[in-house]
Amino acid sequence: MADMYKKGLNAQLVQNDLENCCRGEAACIRCQGTGCAIGYAKECIQTYIKTPKKEVPEGTAHVPTMDLKIYDEAELEIAIAHILKECKDCKEDHTEDCIINVIRNCLEVGLLGDLHPYEGSALQYLMYLQNNHPEKAVRIAETYKS
């Protein structure tokens, strides 16, 4: 199973995670589309499915950081663990507008309320979470390892 994560972006897994995170119109009254962190991530992955490209042009700049909705933390933690598994640990070749990074940023806004540094290494990111959000880091790491 671990091999499936290194063969390319598992867009269906990401899309399913985003659907699980989305609160829908029942909770939001009216869909805000790309004005919502999850809505923006869903648009990014749908675009990727149609035309697979590693980069989202100005993707990080367009992440809706002012999205103040309350999301299900457990679903966001699972989604972050999965997107970390999709990361290719590119380290110095990391780009902020990589599709994986943009989606991780969107999930972070929902879970942590803001964007956080990422240096192209899932392990470094988990260590960052451990230092700054220990209770969430434990749950994300458990899912990441499974």
Side-chain angles (χ1 to χ4, degrees), residues 5 8-146:
Y5 287 103
L9 178 61
N10 184 342
Q12 190 60 55
L13 173 69
V14 174
Q15 189 171 40
N16 291 344
D17 283 343
L18 292 170
E19 287 300 328
N20 291 338
C21 292
C22 181
R23 304 218 8 157
E25 289 188 16
C28 295
I29 302 171
R30 184 177 61 84
C31 180
Q32 296 175 351
T34 59
C36 159
I38 300 304
Y40 179 64
K42 285 168 63 174
E43 180 179 283
C44 289
I45 198 65
Q46 288 165 359
T47 300
Y48 176 86
I49 290 169
K50 290 177 192 168
T51 311
K53 293 183 181 174
K54 180 184 176 203
E55 300 286 320
V56 177
E58 298 181 35
T60 301
H62 290 115
V63 172
T65 57
M66 298 307 291
D67 182 2
L68 302 175
K69 284 195 240 35
I70 304 296
Y71 294 97
D72 182 316
E73 283 192 19
E75 292 295 343
L76 288 167
E77 290 166 352
I78 290 167
I80 288 174
H82 287 167
I83 203 73
L84 289 175
K85 283 185 177 184
E86 295 301 314
C87 176
K88 306 307 179 236
D89 282 328
C90 53
K91 295 179 183 59
E92 54 276 339
D93 291 330
H94 168 73
T95 62
E96 288 297 307
D97 292 330
C98 165
I99 180 77
I100 294 168
N101 191 63
V102 171
I103 291 171
R104 185 191 49 74
N105 283 160
C106 292
L107 295 167
E108 280 180 338
V109 168
L111 183 64
L112 307 173
D114 203 358
L115 305 179
H116 296 277
Y118 192 81
E119 298 177 15
S121 167
L123 180 59
Q124 283 181 326
Y125 183 73
L126 288 169
M127 290 174 18
Y128 166 82
L129 287 178
Q130 180 61 42
N131 290 332
N132 294 281
H133 305 280
E135 66 290 338
K136 292 173 178 52
V138 168
R139 294 187 296 265
I140 291 169
E142 285 173 359
T143 303
Y144 179 79
K145 290 179 202 173
S146 65

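What you see is a predicted model; the values in this text were computed from it and never measured.
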Value for NZ (K136) from CG (L112), rounded to nearest 0.5 Å, stands at 6.5 Å
Which heavy atom in I99 sits nearest to a heavy atom in I45, and how many Å separate them?
CD1-N, 4.4 Å
Shortest non-hydrogen contact from H116 toward N105
O-ND2, 4.4 Å
Spacing of SG belonging to C21 relative to CD belonging to E77, to within rounding of 0.5 Å
10.0 Å
Is it true that, when you exclude Q124 itself, more than 12 heavy atoms of the residues, nucleotides or ligands shown sit nearer than 6.0 Å to its CD?
yes
Drop me the distance from L13's CG to Q15's CD, to the nearest 0.5 angstrom.
10.5 Å
Exercise: identify the closest heavy-atom pair between K42 and C22
NZ-SG, 3.6 Å
Give a yes or no on whether a salt bridge exists between E135 and R139, defined as a side-chain N under 4.0 angstrom from a carboxylate O.
no
Straight-line distance of Y144 OH to C87 SG, nearest 0.5 Å:
7.5 Å
For E96, does its backbone N or O pair with a side-chain atom of T60 as donor and acceptor, under 3.5 Å?
yes
I100, L9, V14 screened by side chain to side chain contact (heavy atoms under 4.5 Å, CB included) with Y48, the one that passes
L9
Taking C-beta and beyond as the side chain, do L111 and E73 meet within less than 4.5 Å on heavy atoms?
yes
Is a side-chain N or O of D97 found less than 3.5 angstrom from the main chain of P57, in a donor-acceptor match?
no
Among L18, N20, L107, which one satisfies side chain to side chain contact (heavy atoms under 4.5 Å, CB included) with E75?
N20
Please lay out, stage by stage, how D67 and I38 fare under the test side chain to side chain contact (heavy atoms under 4.5 Å, CB included).
CA-CA 9 Å; D67 182 2; I38 300 304; 5.6 Å; no
Output, in order, the C-alpha distance, side-chain angles, deciding distance and verdict of side chain to side chain contact (heavy atoms under 4.5 Å, CB included) for I140 and L126.
CA-CA 8 Å; I140 291 169; L126 288 169; 3.8 Å; yes
Of all the heavy-atom pairs spanning Y40 and C106, show the shortest one and how long it is.
CD2-SG, 3.5 Å
Any idea which heavy atoms bring L84 and A122 closest together, and the distance?
O-CB, 4.0 Å
Across all chains, not counting sequence neighbours, the side-chain contact (heavy atoms from CB on, under 4.5 Å) partners of C28 are R23, K69
Measure the CD1-CG distance between I103 and D17 for me, rounded to the nearest 0.5 Å.
10.0 Å
Has E86 got a side-chain atom pairing as donor or acceptor with N10's backbone, closer than 3.5 angstrom?
yes
What pair of heavy atoms forms the shortest contact from Y125 to P117, and how long is it?
CD1-O, 3.7 Å
